[in-house]
Amino acid sequence: MESVDKRPRRLVPQACVWRVFIKLLFRGASRRARMALLHHHLPFHLHLPTMTAPRARARLLLPAATASTGLHGGPSPSQSTVNTFWQWAADKGAMASALMPGFVPEGLGLLAQRSISRNEVVLEIPKSLWITPDLVAASDIGRLCSGLKSWVSIALFLVFERAKGDASAWRPYLDILPHSTDSTIFWSEEELAEIQGTQLLSTTLGVKEYVQSEFLKVENDVILPNRDIFPSTITYDDFLWAFGILRSRAFSRLRGENLVLIPLADLINHNYSIKSEDVSWEIKGKGLFSRELIFSLRTPVSVNLGEQVCIQYDLKKSNAELALDYGFIEASPEREIYTLTLEIAESDPFYGDKLDIAESNGFGETAYFDIALGSALPPSMLPYLRLVALGGPDAFLLESIFRNSIWGHLELPVSRANEEMICCVVRDACKSALSAYQTTIEEDEELLEKGQLDPRVKIAVGIRVGEKKVLQQIDSIFRAREQELDGLEYYQERRLKDLGLVGEQGEIIFWES
Ligand SMILES: C[S@@+](CC[C@H](N)C(=O)[O-])C[C@H]1O[C@@H](n2cnc3c(N)ncnc32)[C@H](O)[C@@H]1O
């Protein structure tokens, strides 16, 4: 579905003259997602409400949620509700010979009714059962939805149909949808206090702010002027529910403008051990001349009778994205991502030249670098950092005669002052970010080892420990670099070498005239 930009807090390093902003965005993958799907929707600056951590401590040792209250606190659908939905989907042409919906630890899921081989087609859902912007356009509220973003029109459709109750043709589907998930957008203030200091907190607040602003627009422009069509009150919470449903249930390639909800197929849960993503489903033509589109789902692994058929939702999502979209995380280092956001400040005396250089090399005024636990820094991060920090005696490199070669120069240390500056700024930003967390890595790890955490607290602890580890890793990379400053080769030395003016031992060669 349409993504939203996530503009978290800015960190201004104390000791350095230029600014580095650190914030969480959807990871590298995320960056793609952000660019493709959402980035024009959020205001750049977000205000973070003050979160009070101490009240949240009480939750730490609560037992895990019990099945009787439903996975996410709301009532679970009853077996008969699930049966009604199953029958309704079959009547509308859904084909599922080898599986059935059933209750599983993740809420509802798809259970194998026999052994199923890898790559076997397990579900086929005709387009007539999909909820698309076109379906909304042809519905009772269709004429009111022209011009709305895809996700806004489908969200409005979901809350509109839900408010109709028995009168809705979609009731059997709406009845099996969860009341909420463990996505951070549904967390209480007390639960959010558990992620105080994290990029995920600012992202979550940013997303909620975005949803609220979209709701206010749709309320003013569509709902309130059409009271005859929307007789019952539709609230921000209803709209947030629909947003959460779309984020957690739309398949990864069926988002943005292509947003589609596919009932029954959207009961498929995620299994971290499945490493193939794209082969699990496709959209293909069926029937005479292949005119009818169907969504076809294959099992990516073989499954025994009674087991769940699952897929891999998205290999590239960070834990923060998983927590935000679906309400779970994984214990794997490549999912533990911190996004360093760098910016060429408008107040920089060389702003225009730097921006020009950044743009000629595929960057902008702001650049996002996703850093994963245990992985090297993204290759273009150091050149960009050096560019942002360039000034003083090094500023000659910004002159236009260097324009074609500057990026090559920035890939190597420019000067001691420049290199020291980048170490200082990044280390300051890391220290500042680390000081905002309420707990240490050791305290978090102890909590995780003890177990018995409420699912949301477990997500919170996993997220904050992951972010802190990545920040420590970044800090240690730049600490090591700081210690090497005297041994590095800088631009002037390289230039003299190129001109043959430096001897084997690094001495400057003079000529006799
Ligand atoms: C596409 S829906 C799958 C159907 C869902 N289980 C239900 O009850 O409607 C995605 C949601 O299922 C749950 N889910 C899926 N895979 C999960 C997993 N591996 N661990 C925990 N929850 C999972 C999360 O609540 C997620 O937001």
Side-chain angles (χ1 to χ4, degrees), residues 1 64-65 67-79 81-82 84-86 89 96 99-111 122-123 125 130-131 154 158 162 170 172-187 204 207 240-255 259-275 277 280-281 295 297 299-301 303 307-315 317 319-332 335 453-460 462-463:
M1 67 164 300
S68 59
T69 56
L71 182 65
H72 312 294
S76 300
S78 65
Q79 183 64 58
T81 307
V82 176
T84 305
F85 164 68
W86 178 232
L99 46 73
M100 268 188 76
F103 295 94
V104 294
E106 298 88 356
L108 289 175
L110 296 172
L111 293 171
V122 287
L123 261 189
I125 312 285
W130 308 354
I131 302 180
I154 298 186
L158 290 176
R162 198 168 65 150
W170 294 89
Y173 174 57
L174 296 167
D175 278 352
I176 58 105
L177 292 177
H179 291 244
S180 73
T181 67
D182 280 329
S183 158
T184 49
I185 63 167
F186 296 120
W187 290 16
T204 303
V207 167
L240 185 67
W241 164 80
F243 175 85
I245 287 295
L246 291 173
R247 280 208 81 86
S248 63
R249 305 180 87 87
F251 286 79
S252 53
R253 284 178 279 131
L254 300 178
R255 295 180 167 215
L259 183 63
V260 186
L261 260 189
I262 304 186
L264 193 57
D266 67 354
L267 288 183
I268 191 104
N269 288 313
H270 163 89
N271 186 327
Y272 75 95
S273 68
I274 297 170
K275 299 298 178 199
E277 189 183 326
S280 305
W281 60 266
F295 174 94
L297 182 75
T299 171
V301 293
V303 180
E307 285 177 356
Q308 245 198 103
V309 176
C310 291
I311 58 168
Q312 165 62 243
Y313 282 175
D314 192 332
L315 284 167
K317 280 191 170 161
N319 268 341
E321 289 170 280
L322 292 178
L324 188 79
D325 286 353
Y326 307 111
F328 62 78
I329 58 171
E330 281 179 16
S332 84
R335 300 261 195 205
L453 295 176
D454 168 274
R456 292 184 180 184
V457 175
K458 196 170 168 194
I459 294 171
I463 287 287

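One is the number of the first residue; the rest follow in order along the sequence. Order of appearance sets the numbers: ligands from 1, and atoms from 1 within every ligand. Model, not experiment: these values are computed from the prediction.
Close contacts of ligand 1 with Tyr326, meaning ligand atoms under 4.0 Å from a residue heavy atom, involve 24 (C), 25 (O), 26 (C), 27 (O). For ligand 1, the atoms sitting less than 4.0 Å from at least one non-hydrogen atom of Leu108 are 4 (C), 5 (C), 6 (N), 7 (C), 8 (O), numbered in the order shown with element in parentheses. Close contacts between ligand 1 and Tyr313 involve ligand atoms 1 (C), 2 (S), 3 (C), 10 (C), 15 (C), 16 (N) [criterion: under 4.0 Å to a heavy atom]. Annotation for ligand 1: atoms under 4.0 Å from non-hydrogen atoms of Gly107 are 8 (O). Shown in contact with Ser248 at under 4.0 Å from a heavy atom are these atoms of ligand 1, numbered in order with element: 1 (C), 2 (S), 10 (C), 27 (O). In summary, the atoms of ligand 1 found under 4.0 Å from a heavy atom of Glu106, numbered by their order in the structure, are 6 (N), 8 (O), 13 (C), 14 (N), 17 (C), 18 (C), 20 (N), 21 (C), 22 (N), 23 (C). Near Arg249, meaning under 4.0 Å from one of its heavy atoms, ligand 1 places the atoms 1 (C), 2 (S), 7 (C), 9 (O). Close approach of ligand 1 to Leu267 is summarised as follows: ligand atoms under 4.0 Å from at least one heavy atom of the residue are 3 (C), 4 (C), 9 (O).
Contacts of Thr81 classified as side-chain contact (heavy atoms from CB on, under 4.5 Å), with partners at least two apart in sequence or in another chain: Pro77, Ser78, Asp175, Ile176. Residues meeting the ring pair (Phe, Tyr, Trp, His ring centres under 6.0 Å) test with Phe186, sequence neighbours left out: none.
For the atom pair CD1 of Ile262 and CG of Leu123, the computed distance is 10.0 Å after rounding to the nearest 0.5 Å. Note: Leu322 CG to Tyr313 OH = 10.5 Å, rounded to the nearest 0.5 Å. Going from atom CG of Asp182 over to atom CG of Leu324 covers 12.5 Å, rounded to the nearest 0.5 Å.
Under the 30°/60° scheme for interplanar angles, the aromatic rings of Tyr173 and Phe85 are found to be tilted.
Heavy-atom distances between Ile268 and ligand 1 reach below 4.0 Å in at least one pair.
Using a 4.0 Å cut-off between heavy atoms, Ile176 makes no contact with ligand 1 at all. Under 4.0 angstrom from ligand 1, the non-hydrogen atoms of Phe328 all belong to its side chain. Contacts between Tyr272 and ligand 1 below 4.0 angstrom, taking non-hydrogen atoms only, are absent altogether.
Residue His270 has at least one N or O atom closer than 3.5 Å to an N or O atom of ligand 1. Taking distance alone, with nitrogen or oxygen atoms compared against 3.5 Å, Asp182 stays at or beyond that limit from ligand 1.
Residues Asp325 and Asp314 have side chains not in contact (no heavy-atom distance under 4.5 Å, counting atoms from C-beta outward). The side-chain heavy atoms of Ile268 and Trp281, taken from C-beta on, include no pair separated by under 4.5 Å.
When the shell of 6.0 Å around CZ of Phe103 is examined, it contains more than 12 heavy atoms from other residues, nucleotides or ligands.
Checked against the 6.0 Å centroid threshold, His270 and Tyr326 do not count as a close aromatic pair.
One option in Asn271, Asp266, Ile459 has a heavy atom closer to atom 4 (C) of ligand 1 than any other, and that option is Asp266.
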